[in-house]
Number of protein chains: 2
Amino acid sequence: MERNTRQRASIRDAIAAASRPLLPQEILDAAQSNVPGLGIATVYRNLKSLTEDGTLKEVKLPGENARYEIAGHAHHHHFQCLQCQKVFDVHACPGDLSRLAPEGFTVKEHELTLYGDCKDCR
Amino acid sequence: MERNTRQRASIRDAIAAASRPLLPQEILDAAQSNVPGLGIATVYRNLKSLTEDGTLKEVKLPGENARYEIAGHAHHHHFQCLQCQKVFDVHACPGDLSRLAPEGFTVKEHELTLYGDCKDCR
DNA sequence: TTGTATGCAAAGCGTTTGCAGTGAT
DNA sequence: ATCACTGCAAACGCTTTGCATACAA
């Protein structure tokens, strides 16, 4: 059975409070303000279980370590700033891309990442 | 000044002979048939220098370690098979995606990965 | 009281680096 | 003869795991 610990709550809250996907280390930093002494291993263990139970969603971008955001948003993509490296949600999608695949290949999913300058860095 | 070693040649040849982007370990395995005793550190060092001098191009996919392919191909994307995990080139592109970004953001580049079943796994 | 969750430290994994020896020029 | 390149092993950064303790139920 799953227990409600201060650690788990502060980790979930830190991610919910953020306006963008966070790295494990950023989550640790944020959650430690509520739970001093919180360990990075606990963060990783909870990220894993919260992802498995559907509370969180992993955001994997090319060449980047996984970030985490609250699940439940509709299908969307991401934007990474070339200057500050931060990642933002993009609530838009190019739509069906099956036509791009080579013959004989079946397309079931797609991932799209946009790169450029974010609002703050322009 | 850069030197022509057997190691460098076999690494470049292994990548050129492949029909898809390869992982460092796959490159090591292939190159070792020509150069037994070849070390993984040498592979990494040459992948780095060959990428810097424009001979190779890094292929970074979400949640995956970097793969390498011969550079010089036109702008293209990649397809990863959900069954065998192999990566293939996709010589097509959805085109301009600037319109997808949130207001205030500038789009300069994009990365697209398609997922599904490859020719062999269907 | 029970057993899951935690914190710490050690272990894993892929990649990088230091160093002494090798070999292309 | 140089000095870039190599192989090995150690170091790295991020993530996972083992273990004894803490604490939610």
Side-chain angles (χ1 to χ4, degrees), chain A residues 1-15 18 20-69 80 85-87, chain B residues 1-15 18 20-69 80 85-87:
Chain A
M1 199 45 231
E2 223 162 52
R3 293 178 182 176
N4 268 356
T5 63
R6 291 173 305 131
Q7 288 86 341
R8 176 186 297 267
S10 71
I11 289 168
R12 192 186 333 99
D13 292 350
I15 298 167
R20 55 182 178 83
L22 298 182
L23 294 165
Q25 185 62 52
E26 294 177 311
I27 294 164
L28 175 66
D29 294 343
Q32 276 184 334
S33 55
N34 294 317
V35 182
L38 175 63
I40 188 70
T42 299
V43 172
Y44 278 105
R45 275 187 285 238
N46 277 286
L47 290 177
K48 189 173 187 185
S49 63
L50 290 170
T51 300
E52 284 169 352
D53 76 14
T55 303
L56 299 181
K57 186 157 184 298
E58 265 188 301
V59 176
K60 296 175 178 176
L61 299 196
E64 297 285 307
N65 297 326
R67 291 173 170 81
Y68 295 83
E69 64 185 5
Q80 184 169 35
Q85 314 302 324
K86 284 180 185 164
V87 173
Chain B
M1 199 45 230
E2 223 163 52
R3 292 175 182 177
N4 267 356
T5 62
R6 291 174 304 131
Q7 288 87 343
R8 177 188 296 269
S10 71
I11 289 168
R12 191 186 334 97
D13 292 351
I15 298 167
R20 56 184 178 81
L22 299 182
L23 294 165
Q25 185 61 51
E26 294 177 311
I27 294 165
L28 175 65
D29 295 343
Q32 275 184 335
S33 55
N34 294 317
V35 183
L38 175 62
I40 188 70
T42 298
V43 171
Y44 278 105
R45 275 187 286 238
N46 277 286
L47 290 177
K48 190 173 187 185
S49 63
L50 289 169
T51 300
E52 284 169 352
D53 75 14
T55 304
L56 298 181
K57 185 155 184 300
E58 264 188 302
V59 176
K60 295 176 178 175
L61 299 196
E64 297 284 308
N65 297 326
R67 291 174 170 80
Y68 295 84
E69 64 184 4
Q80 183 168 35
Q85 313 301 324
K86 284 181 185 164
V87 173

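The sequence lines fix the lettering, A, B, ..., with proteins before strands; numbering per chain opens at 1. Hydrogens, waters and symmetry mates are skipped; everything else that's a heavy atom, side chains included, is used. From a predicted model like this one, the values you see are computed outputs, not experimental measurements.
When heavy atoms are screened at a 4.0 angstrom cut-off, A:Gln25 is found touching no nucleic acid atom at all. Across all strands, A:Leu38 comes closer than 4.0 Å only to sugar-phosphate atoms, never to a base (heavy-atom distances).
Atom pair A:Leu28:CG and C:dG7:C1' shows a separation of 12 Å (rounding to whole Å applied). Atom-to-atom, CG of A:Asn65 to C1' of D:dG13 comes out at 8 Å; the value is rounded to the nearest Å. Remark: P of D:dA11 and CD1 of B:Ile40 are 20 Å apart, rounded to the nearest angstrom. Distance, B:Arg45 CZ to C:dT17 C1': 8 Å, rounded to whole Å. Summarising the geometry, the separation between NZ on A:Lys48 and P on C:dT4 is reported as 16 Å, rounded to the nearest angstrom. For the pair A:Leu50 CG and C:dA5 C1', the computed distance is 13 Å after rounding to whole Å. Spacing between atom CD of B:Glu2 and atom C1' of D:dT6 amounts to 15 Å, rounded to whole angstrom units. With rounding to whole Å, A:Glu26 atom CD is found 12 Å from D:dC14 atom P.
Of all nucleotides listed (D:dA9, C:dC19, D:dG18), D:dA9 comes nearest to the side chain of B:Ala41. Considering only side-chain atoms of A:Thr42, the nucleotide from D:dT6, C:dT6, D:dA25 that sits closest is C:dT6.
Judged by distance alone, the side chain of B:Gln80 and the main-chain N or O of B:Gln85 form a donor-acceptor pair under 3.5 Å.
Taking the charged nitrogens against the carboxylate oxygens, B:Lys86 and B:Glu26 have no contact shorter than 4.0 Å, which rules out a salt bridge.
The side-chain heavy atoms of A:Glu58 and A:Tyr68, taken from C-beta on, include a pair separated by under 4.5 Å.
In the interface, the side chain of B:Arg3 is paired with the base of D:dC3 through a donor and an acceptor atom under 3.5 Å apart. The base of C:dG23 does not come close enough to the side chain of B:Arg8 for any donor and acceptor atom to sit less than 3.5 Å apart. One cannot find a donor-acceptor pair under 3.5 Å joining the base of C:dG23 and the side-chain atoms of B:Arg6.
Judged by closest nucleotide on DNA chain C, A:Asn46 is the one of B:Ala66 and A:Asn46 placed further toward the 5' end.
Distances shorter than 4.0 Å separate some side-chain N or O of B:Gln7 from OP1 or OP2 on D:dT6. Contact annotation: B:Thr5 reaches the phosphate of D:dT6 (side-chain N/O to OP1 or OP2, under 4.0 Å). The shortest distance between the side-chain N/O atoms of A:Asn4 and the OP1/OP2 oxygens of C:dA5 is not below 4.0 Å.
Test A:Glu69, A:Arg20, A:Arg67 against A:Val87 for side-chain contact (heavy atoms from CB on, under 4.5 Å) and you get one pass: A:Arg67. Residue A:Ile27 forms a side-chain contact (heavy atoms from CB on, under 4.5 Å) with just one option from A:Ile40, A:Val43, A:Leu38, and that option is A:Val43.
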